[in-house]
Amino acid sequence: MAKPAPLSTPDGRYIVVRGRLWRTANPDLSEAARSEFVAALMDARRDVARTRKAGDAEGERAAHAAVDAAKRQLGERGPVWWHDGAPDLNRHLARTTPYADWFASIAPDAGGAVR
């Protein structure tokens, strides 16, 4: 059975995971660029696991740096990809942000901890 898609804020800037906002990839990326960056991210994540299992601390640091670089290319970290001056609320609890009313309306009994 497939996992349901994560809850997305009305403006598409974030997904909500266990009540916390996580920045989405830049929707203006071409499909080719997005695919390339996602592939690099998945490779880097596999390298993190492989080097951790091998006890290779330096390799693990390099793999974490590669994860960070791929996430920055995707727009999930680093400068925000929107241009209206809105702040970056990445990792904030949805219930403590301007999305609070929207979040409460879709998860009124979740106490800020859905999906």
Side-chain angles (χ1 to χ4, degrees):
M1 188 165 147
K3 273 186 172 180
L7 181 63
S8 185
T9 58
D11 56 16
R13 292 178 181 168
Y14 304 94
I15 60 169
V16 182
V17 179
R18 292 188 303 275
R20 196 168 295 275
L21 301 175
W22 293 93
R23 196 183 333 160
T24 62
N26 183 345
D28 295 332
L29 291 174
S30 70
E31 186 54 36
R34 192 185 82 69
S35 292
E36 176 186 335
F37 301 151
V38 168
L41 176 59
M42 295 300 103
D43 287 345
R45 285 180 169 166
R46 281 188 292 275
D47 285 346
V48 167
R50 180 183 52 75
T51 56
R52 182 175 291 154
K53 185 176 180 181
D56 178 1
E58 188 164 326
E60 187 179 345
R61 276 191 296 279
H64 279 293
V67 167
D68 185 62
K71 285 187 153 287
R72 288 174 181 279
Q73 290 172 312
L74 284 164
E76 295 177 9
R77 292 185 184 160
V80 298
W81 45 260
W82 51 88
H83 304 287
D84 64 1
D88 185 10
L89 301 172
N90 197 37
R91 299 184 182 189
H92 285 72
L93 291 172
R95 64 182 169 81
T96 64
T97 69
Y99 298 101
D101 289 342
W102 162 80
F103 186 63
S105 75
I106 57 168
D109 60 344
V114 298
R115 297 188 197 172

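Below, each value reflects all heavy atoms present in this structure, side chains not excepted, and no hydrogens, waters or symmetry copies.
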With Asp101, which residues qualify under side chain to side chain donor-acceptor pair (under 3.5 Å), at least two apart? none
Euclidean distance, Leu21 CG relative to Arg91 CZ, rounded to 0.5 Å: 12.0 Å
I need the Glu76 CD to Asn90 CG distance, nearest 0.5 Å. 8.5 Å
Salt bridge (Lys or Arg N to Asp or Glu O under 4.0 Å) filter on Arg52, not counting sequence neighbours, yields Glu60
In this structure, NZ of Lys71 is separated from CZ of Arg23 (nearest 0.5 Å) by 10.0 Å
Heavy-atom side-chain contact between Trp81 and Asp28 under 4.5 Å: no
In Å, rounded to the nearest 0.5 Å, how long is the span from CD of Glu36 to CD of Glu31? 12.0 Å
Linked, directly or transitively: Val38 and Trp22 (ILVMFWY side chains, under 4.5 Å): no
Under the side chain to side chain donor-acceptor pair (under 3.5 Å) test, which residues partner Thr51, sequence neighbours left out? none
Looking at residues at least two apart in the chain, or sitting in another chain, which of them share a salt bridge (Lys or Arg N to Asp or Glu O under 4.0 Å) with Glu58? none
Return the OH to CG distance between Tyr99 and Leu7, rounded to the nearest 0.5 Å. 11.5 Å
Who pairs with Asp84 by salt bridge (Lys or Arg N to Asp or Glu O under 4.0 Å), at least two apart in sequence or on another chain? Arg13
For residues Val16 and Trp102, determine if any side-chain heavy atom of one lies less than 4.5 Å from a side-chain heavy atom of the other. yes
Got a list of side-chain donor-acceptor pairs under 3.5 Å for residues 39-46, not counting sequence neighbours?
from	atom 1	to	atom 2	distance (Å)
Asp43	OD1	Arg46	NH2	2.4

